[in-house]
Amino acid sequence: MSTSTIFQPNNVAVITGGASGIGFAAAKALSKRGMKICLADVNKEKLEEAKRALPSDTLIVETDVSDFSSVLALKDKVKKEYGRIDFLFNNAGTAVKNGSWENLDGWNKIINTNLWGVIHCIHAFAPEMISQSSPSVIVTTGSKQGITTPPGNPAYNVSKAAVKATAEALQHSIRNTPGSQVSSHLLIPGFTYTGMTGSPSKPDGAWTADQVVSFMLESVERGDFYILCPDNDVDRETDVKRMRWAMGDIINNRPPLSRWHPDYREAFEAEMGKQ
């Protein structure tokens, strides 16, 4: 199915987590293409600030994606305003400090937003988009941390690993649904400078949110499912080696997270050094 007609004037984009970061960058890029934009975010003040930088007809909807009733209300407002949804950017996310047995409230917040938020949006929007019988796109924001699961942020890793599986299952389901013209894609950003990085200025190694969105749109138009973004420090070859090593923990019966295990440091470095 071709997605080349999605990002066109007057088509409708719904962006969760749209008031800042990658979501706001997407809103700016798509509004320049003439799309009708609906920004959804839990932060009302940031939504109103974002709207001032976008076309006056931008629809903003205060939405808590962790609450299914709030997501259903968002869908209803979009349908009432525009009558259709051509692009759903399932992007809302959060991160707070946590540990394997630390900050249970933080775990709940992360899982409820990052995972249940994605699931809620799929349940609310996917049937509507399938029933339209026209090409449309769902992009879900994952993370490399959901693939290599580095130490230090287990709740976030768990949420994004589950998001990866959710987006994969969605694509399988919709491509096997008769008459469906929806496609699912998984955005896997690299190091990106957003409000979640905690840095007052952009680190040299980070991409901007605008760069990520540009890469995402090009990848969707190519038909890529896995939108694996590089950054200024890490290229695709490095990402592939790291991901292959992570899967090798299971295949080779190594300890989990062996990339950070002192007994496997030399072997990992040797693997990364191979051409």
Side-chain angles (χ1 to χ4, degrees), residues 3 6-7 15-18 20-26 29-30 65 87-95 110-111 113-115 117-119 121-122 137-172 174-175 183-197 202-203 205-250 257 259 272:
T3 59
I6 300 302
F7 307 118
I15 303 170
T16 67
S20 60
I22 295 172
F24 180 55
L30 296 176
V65 295
F87 175 54
L88 171 64
F89 191 12
N90 209 355
N91 170 72
T94 191
I110 290 170
I111 298 298
T113 300
N114 295 5
L115 176 57
V118 164
I119 295 169
C121 287
I122 290 170
V137 167
I138 299 172
V139 173
T140 300
T141 301
S143 172
K144 292 176 186 178
Q145 288 186 221
I147 301 172
T148 59
T149 61
N153 198 349
Y156 187 83
N157 294 351
V158 166
S159 72
K160 292 299 185 177
V163 162
K164 170 182 173 291
T166 302
E168 290 169 336
L170 174 64
Q171 176 59 6
H172 177 80
I174 58 181
R175 75 170 179 246
S183 66
S184 166
H185 307 260
L186 179 67
L187 174 63
I188 311 169
F191 183 23
T192 309
Y193 179 58
T194 68
M196 291 175 65
T197 59
K202 189 184 86 64
W207 264 17
T208 65
D210 294 331
Q211 286 175 291
V212 171
V213 168
S214 178
F215 188 90
M216 176 186 75
L217 297 179
E218 292 172 3
S219 298
V220 169
E221 289 173 342
R222 278 198 306 269
D224 298 343
F225 173 81
Y226 297 103
I227 305 172
L228 181 62
C229 298
D231 54 48
N232 293 336
D233 281 342
V234 179
D235 58 15
R236 184 178 181 88
E237 182 182 4
T238 300
D239 275 328
V240 168
K241 288 180 177 180
R242 289 174 175 175
M243 292 177 184
R244 185 182 294 124
W245 181 274
M247 183 57 66
D249 284 352
I250 300 171
L257 305 184
R259 174 178 157 190
M272 293 299 294

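The model shown is predicted, which means the values in this text are computed figures rather than measured ones.
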Heavy-atom pair with the smallest gap, counting every atom of [X] and [Y]:
{"X": "Ala95", "Y": "Tyr156", "value": "CB-CD1, 4.0 Å"}
{"X": "Ser159", "Y": "Ile110", "value": "OG-CG2, 3.7 Å"}
{"X": "Gly117", "Y": "Asn90", "value": "O-OD1, 4.0 Å"}
{"X": "Asn232", "Y": "Ala206", "value": "ND2-O, 3.0 Å"}
{"X": "Leu217", "Y": "Ala29", "value": "CD1-CB, 4.3 Å"}
{"X": "Ala167", "Y": "Ser184", "value": "O-OG, 3.2 Å"}

- Item | Test item: Thr192 side-chain N/O and Thr208 main-chain N/O as donor-acceptor pair under 3.5 Å |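 The answer is no, because no donor-acceptor pair under 3.5 Å joins these two groups.
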- Any sub-3.5 Å donor-acceptor pair from Thr148's side-chain atoms to Ala246's backbone N or O?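 No; judged by distance alone, with no hydrogens or angles, the pair does not exist.
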Quick check: do [X] and [Y] have side-chain heavy atoms less than 4.5 Å from each other?
{"X": "Val212", "Y": "Leu187", "answer": "yes"}
{"X": "Val118", "Y": "Thr16", "answer": "no"}
{"X": "Asn157", "Y": "Pro150", "answer": "yes"}
{"X": "Ile138", "Y": "Leu170", "answer": "yes"}
{"X": "Phe87", "Y": "Val139", "answer": "yes"}
{"X": "Val213", "Y": "Leu30", "answer": "no"}
{"X": "Lys144", "Y": "Leu228", "answer": "yes"}

- Task: Could you check Thr166 against Thr140 for side-chain contact (heavy atoms from CB on, under 4.5 Å), going step by step and ending with a plain yes or no?
- Result: CA-CA 9 Å; Thr166 302; Thr140 300; over 6 Å; no
- CD1 of Ile147 to CD1 of Ile188: how many Å apart, nearest 0.5 Å?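 It is 4.0 Å, given to the nearest 0.5 Å.
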- Message: Suppose we screen for salt bridge (Lys or Arg N to Asp or Glu O under 4.0 Å). Which residues come up paired with Asp233, at least two apart in sequence or across chains?
- Response: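 Testing Asp233 for salt bridge (Lys or Arg N to Asp or Glu O under 4.0 Å), a comparison that skips the adjacent residues, returns none.
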- Query: Taking only residues two or more places apart in sequence, or in another chain, which ones meet Asp249 in a salt bridge (Lys or Arg N to Asp or Glu O under 4.0 Å)?
  - Reply: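 With sequence neighbours excluded, Asp249 shows a salt bridge (Lys or Arg N to Asp or Glu O under 4.0 Å) to Arg254, given in chain and number order.
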- Any salt bridge (Lys or Arg N to Asp or Glu O under 4.0 Å) pairs touching residues 205-218, not counting sequence neighbours?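 Checked against salt bridge (Lys or Arg N to Asp or Glu O under 4.0 Å) - neighbours excluded - the pairs reaching residues 205-218 are Lys28-Asp210.
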- Query: What pairs of residues pass the salt bridge (Lys or Arg N to Asp or Glu O under 4.0 Å) test when at least one of them lies in residues 148-161, not counting sequence neighbours?
  - Reply: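 Passing the test, one end in residues 148-161: no pairs.
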- Item | All pairs passing ring pair (Phe, Tyr, Trp, His ring centres under 6.0 Å) where residues 213-248 contributes a residue, at least two apart |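 For residues 213-248, and leaving out neighbouring residues, the ring pair (Phe, Tyr, Trp, His ring centres under 6.0 Å) pairs sorted by first residue read Trp207-Phe215, Trp245-Phe268.
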- Applying side-chain contact (heavy atoms from CB on, under 4.5 Å), name anything that partners Thr238, two or more places apart in sequence or on another chain.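 Result, side-chain contact (heavy atoms from CB on, under 4.5 Å) vs Thr238: Val234, Asp235, Arg242, Met272.
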